Amino acid sequence: MSLCATASREAAEPLAGTAATARTWLLVEQTGPWGAKALTASHLDPALGRALEAAAKGTGVRVALIRRPGRHADRHDATRHRLFLAHTAPGRSWIRTTTVADPQTALGLDFAALGAGEHGDLWEPYAGEPLVLVCTNGKRDRCCALLGRPLAADLAAAGTEVWEVTHIGGHRFAPTLFVLPYGYAYGRTSLSLAADAVAAARSGRIALDHCRGRSTWDRPAQAADLAVREFLGEDRADVLDVVHTDRLLPQAPTRPQAPTPSPGSTSPQAPKPPHDTTSRDTAPHDTAVTGGEAPAWTVTVAHSDGRAWRVTVEQRADGAPAPASCGAPLDPPARMAVTAVTAVTATPDSTALSG
């Protein structure tokens with residue numbers, strides 16, 4: 001049996017910059033089986049699932065279903081649903097929770113405010129252990145069930161506050177792990193690695209090993225954040241923030257120099273600069289770009305002590321072909337390659353890295 005996780009591992013596909021993107025997460029407990037698109041294919045009312053998707057669209061909120069690890073009988077009699085809201089922005093992360101009889105209640109949320117990090121004292125503050133989510137939705141990808149469910153069961157047996165979740169992106173990195181409140185994702189996760197990630201989150205830090213990125217940011221910024229962390233050896237969760245991401249336009253081809261105009265003729269316009277550093281990134285990052293020059297970005301990462309770095313990130317497709325999920329065709333996976341980390345504000349211990 002061919003597994004996408006096996007192919008990705010054998011191809012040594014990099015993990016950095018592959019986390020799902022969401023500033024805020026709405027997690028709705030729903031027992032029983034899940035379909036491939038669980039919000040509309042589970043025991044949750046499909047109309048409610050569609051309404052939640054529509055309400056969250058464009059707000060920075062991502063909706064997912066959760067359940068406790070274990071056997072999932074085909075039950076329709078669940079009377080209570082645990083709900084979590086978690087915001088992941090550095091220095092402003094929080095988790096709120098409640099238990100409801102009818103998850104329809106979630107439609108009354110102000111999704112735009114939640115995406116911006118404003119909870120308005122909604123529900124109760126969550127002050128327990130870090131929340132750990134493991135993707136186990138085998139109907140979406142079999143690797144998530146085959147590799148994710150055993151990990152979730154082992155974490156539960158170890159006393160971790162763990163939930164199974166419908167989808168956190170990156171089937172081929174199964175078992176995938178997501179830790180709140182900071183919102184860092186991990187791939188190819190072992191039980192010991194998961195324990196390290198939870199212990200780090202408990203003390204306001206992150207584990208860098210097998211880290212995919214912080215969901216708060218788009219994927220170039222995720223890669224930039226991790227690159228600066230590796231450069232500094234910095235594991236404190238909230239001391240780094242991404243303050244700017246600029247899309248670089250492809251270098252214009254060199255044109256032959258125009259002849260010197262004769263007296264009385266109109267001078268040609270000066271050429272435009274080859275890069276537009278004001279345009280924002282809106283391109284998808286999951287698939288390889290074919291033809292033309294690959295996308296690139298400059299990402300500014302700031303430290304709480306006042307230092308900052310400018311990180312150059314390129315989207316490349318130069319790895320071994322591998323499927324994005326089980327059953328998908330073999331294609332070169334898109335990856336975020338950090339090519340330079342340069343100090344913006346000079347201090348005695350801030351240097352430049354390039355490569």
Side-chain angles (χ1 to χ4, degrees), residues 1-22 36 135 137-138 140-148 167-178 184-189 208-215 217-228 230 245-253 274-275 279-299 311-341 353-355:
M1 178 172 58
S2 176
L3 297 176
C4 64
T6 302
S8 177
R9 188 188 302 269
E10 290 177 348
E13 183 181 354
L15 292 167
T18 65
T21 55
C135 184
N137 191 354
R140 195 172 182 106
D141 191 279
R142 65 187 178 212
C143 283
C144 296
L146 291 173
L147 303 175
H167 185 52
I168 50 177
H171 321 293
R172 63 194 184 279
F173 304 122
T176 56
L177 189 80
F178 190 73
Y184 279 91
Y186 297 84
R188 303 177 189 136
T189 313
L208 291 175
D209 190 21
H210 285 67
C211 191
R212 299 173 57 198
R214 191 168 190 157
S215 77
W217 304 306
D218 60 16
R219 294 181 180 181
Q222 292 173 15
D225 167 60
L226 292 178
V228 172
E230 293 283 0
T245 300
D246 296 316
R247 176 71 177 270
L248 299 179
L249 296 180
Q251 179 78 38
H275 297 103
S279 60
R280 298 289 296 175
D281 163 46
T282 57
H285 313 304
D286 288 321
T287 55
V289 174
T290 57
E293 189 168 338
W297 302 262
T298 57
V299 182
V311 184
T312 304
V313 184
E314 296 179 359
Q315 180 176 311
R316 294 181 178 174
D318 50 5
S325 59
C326 288
L330 291 175
D331 286 312
R335 69 180 181 95
M336 295 294 141
V338 172
T339 60
V341 179
L353 166 72
S354 62

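Here the structure is a predicted model, which means the values were calculated and not measured.
Side-chain contact between Phe173 and His210 is absent, with no heavy atoms from C-beta onward closer than 4.5 Å. Counting heavy atoms from C-beta outward, Trp297 and Gln315 have side chains that approach closer than 4.5 Å. Asp225 places a side-chain heavy atom less than 4.5 Å from the side chain of Tyr184. Between Arg172 and Thr6 there is no side-chain heavy-atom pair separated by less than 4.5 Å.
The minimum heavy-atom distance linking Pro333 with Glu13 is given by the pair CB-OE2, 3.4 Å. Here the closest heavy-atom approach between residue Leu3 and residue Cys143 is recorded as CB-SG, 3.7 Å. Across every non-hydrogen atom of Ala174 and Leu147, the tightest pair is O-CD1, 3.4 Å. Minimum heavy-atom separation, Pro323 to Leu330: CD-CD2, 3.4 Å. Nearest heavy atom pair, residue Ala145 against residue Gly138, reads CB-CA, 3.5 Å. The nearest pair of heavy atoms linking Cys326 to Cys4 is SG-N, 3.4 Å.
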Evaluate the criterion side chain to side chain contact (heavy atoms under 4.5 Å, CB included) for residue pair Arg140 and Cys135; output intermediate values, then yes/no.
CA-CA 10 Å; Arg140 195 172 182 106; Cys135 184; over 6 Å; no
Start with the C-alpha gap between Asn137 and His167, add the side-chain angles, then the distance that decides, and say whether side chain to side chain contact (heavy atoms under 4.5 Å, CB included) holds.
CA-CA 7 Å; Asn137 191 354; His167 185 52; 5.6 Å; no
How far apart are the C-alpha atoms of Thr245 and Asp218, what are their side-chain angles, what is the distance that settles it, and do they pass the side chain to side chain contact (heavy atoms under 4.5 Å, CB included) test?
CA-CA 9 Å; Thr245 300; Asp218 60 16; 4.3 Å; yes
Would Thr176 and Arg212 count as a side chain to side chain contact (heavy atoms under 4.5 Å, CB included) if you check the C-alpha gap in whole Å, the side-chain angles of each, and the deciding distance to 0.1 Å?
CA-CA 9 Å; Thr176 56; Arg212 299 173 57 198; 3.7 Å; yes
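A donor-acceptor pair is defined here as one N or O able to donate and one able to accept, closer than 3.5 Å; such a pair exists between the side chain of Gln222 and the backbone of Trp217. Put simply, the side chain of Asp141 never gets that close to the backbone of His171: no donor and acceptor are under 3.5 Å apart. Checked by atom type and distance alone, the side chain of Thr18 pairs as donor or acceptor with a backbone atom of Leu15 at under 3.5 Å. For Ser215 (side chain) and Ala22 (main-chain N/O), a donor-acceptor pair under 3.5 Å exists by modelled atom type. Thr298 places no side-chain N or O within donor-acceptor distance of the main-chain N or O of Val311, the cut-off being under 3.5 Å.
Considering Val338, Leu208, Val341 in turn, Leu208 is the only one that fulfils the side chain to side chain contact (heavy atoms under 4.5 Å, CB included) rule with Glu230.
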